[in-house]
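Heads up: the structure comes next, in structure tokens.
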Amino acid sequence: MSGLWDLLTILFVSMGVFFFVAGTVGLLRFPDSLTRLHALTKADNLGLGLIVLGLLPRVESPQDALKLLLVWALVLVASANSSQLIARKVRREES
Amino acid sequence: MNIPTIFGICASMLIGLGLYGIIIQDQVLRKLLSFNLVGTGVFLLFGVIGRRGAEGGLGGDPVVFGLVITGIVVAFSATALAVALLIRLHEETGDDTLLDEAPGEEEK
Amino acid sequence: MTEFLYVAAILVLVTLALSLARVLRGPAKADRMMAAQLLGTGGIAILLLAAGSGLKAATDVALTLALLSALAAVAFVKSGERSSSSPKNEKQP
Amino acid sequence: MISSISSDGTLLVFSLVLPVIGMLLAMLTGGRHARTVVLLMLVANVAVASGIITGIWESGQAITYHLGGWSPPLGIELRADGLSAAMMAVTALVSLAAGLYAPAGFRFPPSKGSPALESRMSFVFWFLLSATVAAMNLVFLAQDLFSLYVALELVAFAGVPMVALSGSANTLRAALRYLIFALIGSIFYLLGAVLLYGFYGTLDISLLAGLVEPGPSLWLILAFMTVGLAAKTALFPLHIWLPPAHAGAPPAASALLSALVVKASFFLVVRLWFDVVPGLPSPSASQVLGAMGAGAIMFGGVLALLQARLKLLIAYSTIAQLGYLFLAFPLAFGMGAGFETGPALTGGMFQAMAHAFAKASMFMAAGLIAEAIGHDRIADLGGLGRVLPVTCLAFGIAALSLIGVPPTGGFVAKWILLEVAATSGQWWWAVFLIVGGFLAGGYMFRVIVPALARDVVPPTLIAPVSKFREAVVLVLALLALALGLFSDAPAELLTLGRPPSADVIQP
Amino acid sequence: MTGDLIFCAGLVLLILGLAAFVVAARQPFPAVVGFVVFGLLVSIAWMCLAAPDVALTEAAIGGGVTGALLLVASAKLGDPSKRGQKMKLARGFHVLVILLCIAVSAGLIAVVLSLPERAPTLALVALDPLESTGVKNPVTAVLLAYRALDTLLETVVVLLAMVGVWSLAKDSDWAKKPAFGYSPERGGPLGLLASLLIPVGVMFCVYMVWTGSDHPGGKFQGAAILAAMGILGLVAGITSVPAVTNARLRWVLILGPTVFLVAGLMGFASAGYFLAWPPEFSKAVIVLIEVALTPSLALMLGLLVAGPPRHSSQL
């Protein structure tokens with residue numbers, strides 16, 4: 001039983017880490033600010049989300065699970081809005 | 001080599017780096033950043049000493065950790081006061097350094 | 001299992017190190033800021049992984065960082081607007 | 001009743017709580033009543049300080065108090081020995097004088113028909129004054145190295161805005177420079193404190209005294225802390241922040257800064273060397289400290305001679321006078337014996353007290369002069385004695401004390417140090433003491449001699465001078481004089497309640 | 001158990017590299033961003049040192065309000081003034097400084113390595129009377145029982161620093177509001193962000209203060225989060241600060257220190273000492289003080305970032 005859960009953890013966390021790597025590569029290699037922003041949001045949202053999913057089987061109480069999900073939700077909200085703000089700034093400075 | 005020692009070395013080097021920045025940088029904002037590096041280094045030394053003092057099922061010496069919390073808040077207040085002074089100085093003179101007064105800026 | 005989480009944390013740390021390059025290189029202010037955002041998320045991931053390996057309080061630290069991660073970006077964007085009369089897209093020489 | 005209160009530690013608590021209450025009430029009532037509230041607090045603070053002196057005098061022992069009932073090493077101890085009590089009394093008197101002296105601009109309403117509820121000055125100055133008293137009392141009482149760090153930061157955060165009160169570009173720059181020096185100084189002090197904890201597991205001064213062992217680590221720790229504190233005390237060559245800061249502040253604030261604030265970090269150096277590591281410092285380390293002091297006497301003296309403005313002259317004189325304080329360290333090595341509490345420390349502390357009264361009086365006198373004649377150019381002060389006799393008298397008495405002319409307090413301090421230098425065979429410090437006196441005589445007579453001249457046209461008064469404020473200045477100068485006339489009691493007070501020798505205390 | 005060692009070593013390398021960048025960067029803005037990230041890494045470091053209370057403080061203060069403070073400052077200061085770039089250091093002096101700093105670091109490393117094998121600690125001493133304080137988090141017991149004086153005075157320090165910031169106002173601006181220097185923006189992504197984050201932040205602050213007596217957390221962390229939310233609200237035009245002469249503002253500011261002080265003075269009567277809590281009410285008193293301190297501290301921290309009161313047309 002716990003073996004299966006552990007497998008899930010390994011699977012999801014590994015995928016999450018992969019997205020972090022991908023996002024970082026994008027951040028480093030993409031040519032301009034806006035495409036880099038795109039790479040970044042992917043990593044933020046997916047990478048962290050997968051890690052949260054992977055860690056869910058390991059929590060001890062429903063509260064802790066809720067907290068994990070809340071972290072994810074907050075990062076989603078924050079990154080979506082702040083990327084939009086930064087994108088606006090980039091556009092303004094380019095125009 | 002254990003974890004407290006690693007962080008102890010890190011803290012020592014932070015203090016040296018920060019001190020260098022404080023002396024070498026002209027711009028006050030950069031001096032303040034460097035000061036905060038020194039502060040972080042000192043606080044990390046607290047952490048190292050607190051961690052080494054782990055006993056009785058605690059992760060570290062709670063007295064030291066309590067002191068660090070106080071220290072961090074005080075250091076923030078200091079930075080905020082310095083930043084406010086700097087911004088006022090910049091508004092008055094357009095200068096962001098502490099180099100000697102420009103000629104003709106004598107006190108009334 | 002804890003070892004696996006450590007490995008994952010170390011890998012995320014490596015990606016943090018790589019995205020630091022973007023903070024260092026820029027070239028635009030926005031690039032640095034975005035890279036800082038990514039670093040924030042990576043830091044949160046590391047803390048969650050630490051929480052998964054038994055450090056329960058790490059979740060609260062992650063939550064704090066998640067709450068405040070937007071503040072830096074907001075301060076950056078808004079404070080830049082004041083000086084937008086003279087847009088300086090600071091470029092490295 | 002009074003003796004029962006003064007011998008238990010309750011008064012120590014009140015000396016901290018009263019000024020904090022003053023701050024909170026000033027915050028609440030605002031500029032309209034801040035002056036009244038804080039002046040009342042300052043009067044009460046004088047009473048508390050004299051109560052503490054009475055307690056120590058009658059019992060001959062230090063007064064201690066364990067906050068919250070928690071004893072060290074877990075809790076924090078307050079401890080008033082003779083040194084603390086003497087400095088607290090000086091603080092109480094100088095701060096009260098500064099409060100009484102504060103000009104009309106610091107009162108409410110600042111001008112007739114002003115619609116505002118309060119003005120900036122009518123709130124800020126009093127709040128900062130209150131905070132200075134709280135901070136100084138904590139410096140003198142706390143026995144815990146971390147609480148003392150908090151106290152140092154309180155001192156700095158009260159002092160820095162005082163420098164910048166006028167808001168001119170020069171004072172802002174001076175304040176910022178002062179703040180940066182102060183921050184670096186206190187962080188290096190804190191660095192030493194935490195390392196001491198790492199070795200000995202306590203921050204309590206008397207517990208540490210029983211634990212410390214000489215060794216390279218301890219010397220390095222001591223060096224960090226001493227350099228940090230020296231930067232805050234503006235000890236030569238870390239003095240560059242002081243003259244513009246002290247000269248640029250409003251006179252009431254300059255008086256506090258020069259008389260009290262710089263003494264806080266000096267007092268901690270004393271605590272560190274005499275109380276935390278008693279008997280351990282090596283002669284060579286203390287010679288270095290003494291050399292910096294001597295450098296300060298020379299450098300400050302020569303620069304004071306060159307100043308064109310009165311307030312800057314007084315500020316440079318502060319650097320020189322602070323130098324004397326540090327001569328106490330090499331001189332504390334008696335006749336071949338180890339480093340110990342003794343006449344050298346008494347001389348140093350006497351200098352701290354006498355300088356506090358004299359310098360406060362002098363800065364305030366300079367303030368009155370500048371207000372009365374509209375400038376403080378030394379070259380144009382000729383004949384001032386005829387138009388501002390009381391102010392000039394006060395200035396003159398204070399100057400005599402700074403020079404070290406009998407029978408002033410400054411004379412007693414320098415005499416004690418000279419005697420120790422002679423008996424301990426360290427004649428080179430005596431040379432600096434004497435040359436420093438001549439330098440002080442030189443720069444002071446640059447002001448006094450023309451002021452007393454009869455054959456020049458005196459400067460015209462552009463504003464009337466308040467008799468009351470002149471009286472406050474004169475009283476401060478007379479206190480510096482009285483310290484010399486009645487020097488026996490204070491000298492004895494300074495030796496009371498000093499910690500027993502190191503080997504007695506066990507953790 | 002080598003995984004954590006490798007991780008910590010990597011973290012330390014990152015921290016040091018970032019610190020070097022903060023010191024060496026050519027422009028101020030990258031240095032500031034570097035410093036913000038530095039704060040994040042340091043709060044992870046605190047977790048490695050098993051100090052979750054400190055990690056929370058560093059995350060809330062270092063990651064939140066300090067970042068906002070410094071970014072706003074670097075924007076206001078703009079590009080470095082030319083005077084700074086003109087200064088050329090004598091090479092000899094530069095070398096001397098480098099040697100001095102290396103000596104400081106090396107000396108410190110030597111001291112750290114010579115720390116006693118068996119570290120002296122107050123952990124057991126602090127645990128022993130923990131029960132009588134009524135709280136379960138020993139760090140909270142340190143801050144609000146054993147060393148309550150430090151905490152009381154620390155709030156005074158913050159208040160004093162805040163008045164110091166206020167004192168920089170021009171005389172004519174005294175009765176005005178503290179302002180960042182840029183106009184708030186209603187609606188848009190910022191408004192959405194603020195309206196989503198602020199309620200969560202306030203709830204999290206309450207949780208932080210409440211949980212602090214038994215678990216990592218407490219008033220400083222809660223207050224810093226609350227302050228950050230306040231700043232966010234201010235920027236988004238949701239919240240506003242009254243003028244510094246406002247009576248209600250003053251009440252909130254002194255609420256925490258006053259409750260602390262009064263509780264401390266009542267200790268004379270109820271437990272025989274200043275700042276002593278009678279064992280049966282100890283937890284209640286500590287929670288009361290924490291609850292009272294939180295809004296005061298949050299306001300002080302927020303106002304420290306906001307800067308001196310200024311006339312609104314001076315934006």
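Heavy-atom basis, side chains included; hydrogens, waters and symmetry copies ignored.
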- Taking heavy atoms only and a threshold strictly under 4.5 Å, list by residue number the residues of residues 51-61 of chain A that touch chain C; give 'none' if the list is empty. A:I51, A:V52, A:L55, A:R58, A:E60
- Item | Inter-chain contacts: residues 73-81 of chain A against chain C, heavy atoms under 4.5 Å | A:L74, A:V75, A:A78
- Query: Any idea which of A:V17, A:T9, A:L68, A:I10 has the most non-hydrogen atom pairs under 4.5 angstrom with chain C?
  - Reply: A:I10
- Set of side-chain contact (heavy atoms from CB on, under 4.5 Å) partners for A:L8, sequence neighbours left out: A:W5, A:F12
- Going from CG on C:L38 to CG on A:L48, what distance comes out if it is rounded to the nearest 0.5 angstrom? 10.5 Å
- Looking at C:L68, C:L5, C:V12, which one has more heavy-atom pairs under 4.5 Å with chain A than the rest? C:L5
- Is any side-chain heavy atom of C:L48 closer than 4.5 Å to a side-chain heavy atom of A:W72? no
- Would one find more than 12 heavy atoms of other residues, nucleotides or ligands at under 6.0 Å from atom CZ of A:F18? no
- Task: Please lay out, stage by stage, how A:F20 and C:T41 fare under the test side chain to side chain contact (heavy atoms under 4.5 Å, CB included).
- Result: CA-CA 9 Å; A:F20 266 100; C:T41 314; 4.1 Å; yes
- What residues of residues 13-20 of chain C sit under 4.5 Å from chain A when you count only heavy atoms? C:T15, C:L18, C:S19
- Task: May I ask you to name which of C:L11, C:L49, C:V7 has the most heavy-atom pairs under 4.5 Å with chain A?
- Result: C:L49
